[in-house]
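See structure below.
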Amino acid sequence: MEKTFNPSAIEKACYRHWESEGMFRPSGKGTPYCILLPPPNVTGSLHMGHAFQHTIMDALIRYHRMQGDNTLWQCGTDHAGIATQMVVERQLNADGLTRHDLGREKFVERVWEWKEHSGGTITRQMRRLGTSPDWDREVFTMDENLSAAVQEVFIQLYDEGLIYRGQRLVNWDPALLTAVSDLEVINEEENGHMWHLRYPIEGSDEQLIVATTRPETMLGDAAVAVHPEDERYQHLIGKNVMLPIVDRLIPIIADDYVDPEFGTGCVKITPAHDFNDYDMGKRHDLPMINILTKDAKINSNAPGELQGLDRFDARRRVVEMFQSLELLVEIKPHKLKVPRGDRSGVVIEPFLTDQWYVAIESLAKPAIQAVENGEVRFVPENWNKTYYQWMRNIQDWCISRQLWWGHRIPAWYDNDGNVYVGSDESSVRQKYHLDSAIVLMQDEDVLDTWFSSALWPFATMGWPEKTEELAAFVPSSVLVTGFDIIFFWVARMIMMTKKFTGEIPFRDIYITGLIRDEHGDKMSKSKGNVLDPIDLIDGIELEALVSKRTSGMMQPQLAEKVEKNTRKQFPNGISAYGTDALRFTFTALASTSRDINFDMQRVEGYRNFCNKIWNAARFVLMNCEGQDTGNVIKSEGENGFPSKDNDADLELSIFDRWIWSRFNNMLQQLQEHIKDYRFDLVAQVVYEFTWNQYCDWYLELSKPVLNSDASTDRQKRGTRHTLINVFEELTRVLHPFMPFITEEVWKKLQPLSVYQESNDSIMLASYPQISVEREDADAEAQIEWVKNFIVGVRNIRGEMDISPSKKLPVLLRNASQKDMLILGDTSAFLLTLAKLESINVLKDEQAPACASALLGEMEILIPMAGLIDTEAELARLNKNASKLEKDIQRVAGKLSNENFTSKAPAHVIDKEREKLYQAEQQLGKVKQQIEKIERL
RNA sequence: GGACGCAUAGCUCAGUUGGGAGAGCACCGCCCUUACAAGGCGGGGGUCGCAAGUUCAAGCCUUGCUGCGUCCACCA
């Protein structure tokens, strides 16, 4: 093996092997376990958020696969209607063309070409990440069978009256020329103005002053409203105002929607261009006067000179006209929420059009119940509040989009505008008994992308056919996703799956945090802080990184700053950390926090962890390859742990039993944490065991056995046996989180281990199980003693600046029988690990001047002669003494408090007493030692 | 306006029914010891945002406050 772990040398071949051997397919045996991949945009590329979530999903999938479950990771990609269409339109624009130049059919062909061309990027990147979905079952939301499911659902909902078509005010995107749903509108506060306009009253000298943030909409005013009890305006209710510029009489109405305190207490009502006004218009039977064209220019319902003006130009013009008519009262600066399209970024217009809607309320009810009664569980649980809040106030869902890329709405119209819904024209004719003489035209619109995504849990399983997969994998086990799509996707899947299968779509919803940069800022192209997961795996040169970050920017003026920051942050580019380090980083960052700050230094740390594993493997192999590892007893022990009465072939030392006990304990904790989706804690316990227990202690403890002539063959076999088998199991424990390095290492270790079930791949091996037999409290206590002994000596050595190579003599004073027993078993180890020349137990004789450490009540003494500075040792002892004094003060205070002793539970009091006793004993020893040294 | 979240070491974060403040990185010192210098050993560092309350005991529970953030709704 190489001296340093080199991920790029192994990852690709390893993955090819897994995939070509079909290892990602469900086994068909065991309990079904299924995760649905949130389908990424087919033409997209993998960003940090994907990489994070995919890592979590893959860890769960690999874990359950190794547990023997019938495991399916259902993957696929989304056609992403608006996003994808925009990309292709932009390409056309670059050639001076629009989609209309091509026509619908050609344009859609062109999008399919683009999908074929760039559609593989994200799935290729997922492979680089080592993910193990069943690629054979990969689906695209516009595949035939998916499209059929979409049609089926649409038709069924329509036939039940749950989908309807109607003219309403919708969120209209004037750039994309389509309706969008409420969720696709981002409301952000911007600086604007409030215009106060004077409206003259018919047959009176009086005037009303209305306040508006959108003066141009006055062209569509249908009324002016005041509060019914507003005394200022009582006498005017029922009169008319003469709308300036358009010279139209409109009524003054009373409606308690109006807040008399706000502005002037008079509101101009524009039912065709404002959601609240629309409702009021309905209540008062006002005309809906649309003044805009689809691209938000003033239409022919306005006076001629304004027609054709863009809405913002019209705004300026209208204000000027009011001014010249002397009807402009004032203009105040005003902060207001401006609705913008999440894709286009342009200001959304409330616009009166015919659209298709899902009547959502009856679907929402069972979906709310499913969470209320615990069938569906959010993790962390708090997210159910967010879910309830939205679901309980849910509005009908506008599902039609005026786009060309997507599922065409399966509805046909005759010349009279009658609607017929069915899967195709001929079935429509049959269904509605339509003569062939009647001309039918299909609806031009397509469905909201999320309509098909909502069917993902069952449409991917073959619905409406009654397939085996449908039976096995609905409901799926857990959905791993971000809170940003709880409404867009999660809620809608619950509603649709409940409706069409009667089942819940998934049992758990694990809501992950959002990946941000190391300072908590959102990663964005314009900030120039975007990291590409593939760059962290493969590394990237500085120049390439700079050009990547500065190319294709929406605001090129920011490029200079981005370049500067990039050069500062990554003067040497980014090094290649490999997939496993990246994955382990994501695992370790997956706490319950909703924002996750991605720190490059963590990746570096976990790259080092990979290297640690690699080198530990080298050590194990060096000592076990070609050696007797005691595997002969494999049939008589459980899980590679020899039964205690079987000592025919090897002898397990106390260290061996200790590391097995710790391993078992680690595994126990890990399994709990996985159950709780606490991957940060999973990473922590497995890292701690691997590095701080196995490598730092066990490997070091194995050396004296393996290198000493004094150890018997049985002892050496026992150590090798433990060395190899703990590590072999450890690689299996680590595999779901670090698939590549564990595969590579395991292939070398496994032949030397007792585990023989599968030698094709670690990913098909079974996951290690907790074993009560391995628990060994006695061994743990004794090794704790050994560790403390060694640490005590090291502490003196470290603080006294004694060279690590200098062998020290050690004297023990006040050793108990128990101390002597452990000492007898372990002195060889103490000598090696603490670098000792000798250990002598003092009986009654006087000790020379010594530096000391305490192990319980036993004193570990190191003669100072020529080695240790008196002052330094005094300082060290005083530091210890003051620490002990502080402890004693606190504990004694507690114990002398009668309230504490009378009210606290007995075991807590006992613990405190014991603590006090120990500390007092130790302090006494330390003080004696101080006196002694002071006398020198 | 409503809902939710966060505040613990220089940085990024753990801290499970309340009972001796932790990790990684960074920092300081010593060491190229035959798995690993991407390493080993040792060390320094925190009024747990502020205030009050409950309790024998609060980082943890309650209330209020401050600061930051997210989502939903929205007054023209």
Side-chain angles (χ1 to χ4, degrees), chain A residues 1 3-5 182 187 194 210-214 217 225 257-259 261-270 274-277 334 336-337 380 382-383 385-386 388-390 393 483-484 486-487 514 518-520 575 577 581 588-589 591-602 604-623 672-673 676 678 680-681 683-684 687-688 692 695-696 699-700 703 707 790-791 794-805 835 887 890-891 894 897-905 907-909 911-912 915 919:
Chain A
M1 282 172 84
K3 197 173 169 185
T4 311
F5 173 53
D182 298 343
N187 290 295
M194 179 81 86
V210 298
T212 180
T213 54
R214 304 195 48 196
T217 61
Y257 159 77
V258 179
D259 177 1
E261 307 291 316
F262 189 89
T264 59
C266 296
V267 189
K268 56 186 275 313
I269 304 301
T270 322
D274 181 280
F275 288 101
N276 289 311
D277 293 7
H334 182 74
L336 73 162
K337 292 279 171 110
N382 256 94
W383 288 108
K385 291 190 178 159
T386 307
Y388 290 142
Q389 205 196 344
W390 190 71
N393 299 296
F483 55 80
D484 48 335
I486 289 179
F487 307 144
L514 235 48
E518 71 273 24
H519 303 113
S575 31
Y577 295 110
L589 289 176
S591 68
T592 56
S593 168
R594 39 172 88 172
D595 294 311
I596 291 166
N597 297 356
F598 190 88
D599 189 347
M600 289 289 294
Q601 290 184 313
R602 293 289 288 263
E604 195 173 325
Y606 294 126
R607 186 271 316 263
N608 295 353
F609 182 49
C610 291
N611 201 42
K612 192 77 181 174
I613 293 170
W614 186 257
N615 279 296
R618 287 179 58 221
F619 176 83
V620 172
L621 286 172
M622 239 174 249
N623 285 286
E672 278 304 307
H673 295 322
D676 298 338
R678 285 300 304 272
D680 57 329
L681 301 179
Q684 196 181 304
Y687 180 98
E688 202 275 340
N692 303 122
C695 290
D696 284 352
L699 287 193
E700 295 306 323
K703 287 174 186 175
N707 298 337
I790 294 165
V791 168
R794 280 177 182 170
N795 184 287
I796 294 170
R797 192 192 286 275
E799 292 203 33
M800 294 302 118
D801 275 353
I802 300 169
S803 157
S805 54
K835 287 256 157 74
D887 285 352
R890 190 170 37 77
V891 178
K894 223 173 186 180
N897 181 348
E898 204 194 317
N899 280 325
F900 174 72
T901 48
S902 62
K903 291 184 181 167
H907 73 273
V908 173
I909 297 171
K911 212 168 127 192
E912 294 295 314
K915 219 187 289 176

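A note on names: the letters A, B, ... follow the listed sequences, proteins ahead of strands, and every chain is numbered from 1. As the structure is a computational prediction, the values presented were derived from the model and not from experiment.
The same atom, P, is picked in rA14(B) and in rG43(B); the two are 27 Å apart, to the nearest Å. Here the separation of rA76(B) from rU63(B), taken at their P atoms, is 33 Å to the nearest Å. rA21(B) and rG46(B) have their C1' atoms separated by 8 Å, given to the nearest Å. For rG5(B) and rC61(B), the P atoms lie 12 Å apart once the distance is rounded to whole Å. For rA26(B) and rG67(B), the C1' atoms lie 26 Å apart once the distance is rounded to whole Å. Here the separation of rA73(B) from rU12(B), taken at their C1' atoms, is 35 Å to the nearest Å. Distance check on atom P: rG22(B) versus rU47(B) gives 15 Å, rounded to whole Å. rC68(B) and rG53(B) have their P atoms separated by 28 Å, given to the nearest Å.
In terms of phosphate contacts, H673(A) brings no side-chain nitrogen or oxygen within less than 4.0 Å of OP1 or OP2 of rU16(B). OP1 or OP2 of rG5(B) has at least one side-chain nitrogen or oxygen of N382(A) nearer than 4.0 Å. For rG39(B), one of the phosphate oxygens OP1 or OP2 lies less than 4.0 angstrom from a side-chain nitrogen or oxygen of N608(A). For K703(A), a side-chain nitrogen or oxygen approaches OP1 or OP2 of rA35(B) to under 4.0 Å.
For rC36(B), its base sits under 3.5 Å from the side chain of K612(A) at one donor and acceptor pair at least.
Looking at R214(A), its side chain never comes within 3.5 Å of a backbone N or O of D274(A) through a donor-acceptor pair.
Ring planes of F483(A) and W383(A): parallel class, angle under 30° (limits at 30 and 60°).
At the heavy-atom level, L621(A) lies nowhere under 4.0 Å from the strands shown. Contact annotation for R678(A): backbone-only contact, meaning every heavy-atom pair under 4.0 Å involves sugar-phosphate atoms and none involves a base.
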